[in-house]
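Below you'll find the structure, written out as structure tokens, and then a few comments.
Predicted model, so just to flag it, every value in this text is computed and none were measured.
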Amino acid sequence: MVVNQDLFDEFSLLHLISGVIAKKAGLSFVTTLLGSAVFELLEIQLKTVGPSLFPHPSQDSSLNMFGDSIAVMVGWLIVRAAILIVLRI
């Protein structure tokens, strides 16, 4: 697994947790997805101007940015599914 290059990497869990937090904060699916996409685009600039802010300042591949957004949305969907299960009980 190559950080910032493969579909999923050691930061995928962090992205998943971000999705959990987004859902718990009341963000919609679309808002969470758009927020993730915007972050991935901003991250390119942030790594250019402040690489020392990141443990791995290499630029994300397109595949990795896609995987990061998938992980965020899986986190969001896990909370949504848990809510639906609880409401059915």
Check your understanding: CZ of F54: more than 12 outside heavy atoms within 6.0 angstrom?
Key -> yes

Review point. Can H15 and I70 be said to form a side-chain contact (heavy atoms from CB on, under 4.5 Å), step by step?
Key: CA-CA 9 Å; H15 286 87; I70 289 173; over 6 Å; no

Point to revise | Contact summary for L27 and T31, nearest pair of heavy atoms | key: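 Closest pair (atom of L27, atom of T31, distance): CD2-CG2, 4.1 Å.
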
Review point. At their closest point, which heavy atom of A22 faces which heavy atom of T32, and how far apart are they?
Key: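 Result for this residue pair: CB-OG1, 3.6 Å.
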
[X] [atom1] to [Y] [atom2] distance, which is reported to the nearest 0.5 Å:
X: I21; Y: L16; atom1: CD1; atom2: CG; value: 10.0 Å
X: F11; Y: N64; atom1: CZ; atom2: CG; value: 9.5 Å
X: I83; Y: L77; atom1: CD1; atom2: CG; value: 11.0 Å
X: L41; Y: L46; atom1: CG; atom2: CG; value: 11.0 Å

Review point. Considering residues at least two apart in sequence or located in another chain, which fulfil the ring-ring contact (aromatic ring centres under 6.0 Å, His included) criterion with F29?
Key: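 Checked F29 against ring-ring contact (aromatic ring centres under 6.0 Å, His included); matches are W76.
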
Do [X] and [Y] share a hydrophobic cluster (ILVMFWY, side-chain heavy atoms under 4.5 Å, transitive)?
X: V72; Y: L14; answer: no
X: M73; Y: L7; answer: no
X: L87; Y: I78; answer: yes
X: L34; Y: I44; answer: no
X: L33; Y: V74; answer: no

Exercise for review: Applying side-chain hydrogen bond (donor to acceptor under 3.5 Å, both in side chains), name anything that partners S36, two or more places apart in sequence or on another chain.
Suggested key: S69

Review point. Which residues satisfy the side-chain hydrogen bond (donor to acceptor under 3.5 Å, both in side chains) test with S62, sequence neighbours excluded?
Key: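 None.
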
Pairs meeting criterion salt bridge (Lys or Arg N to Asp or Glu O under 4.0 Å) with involvement of [range], two or more places apart:
range: residues 7-23; result: none
range: residues 40-69; result: E43-K47, K47-D60
range: residues 71-89; result: none

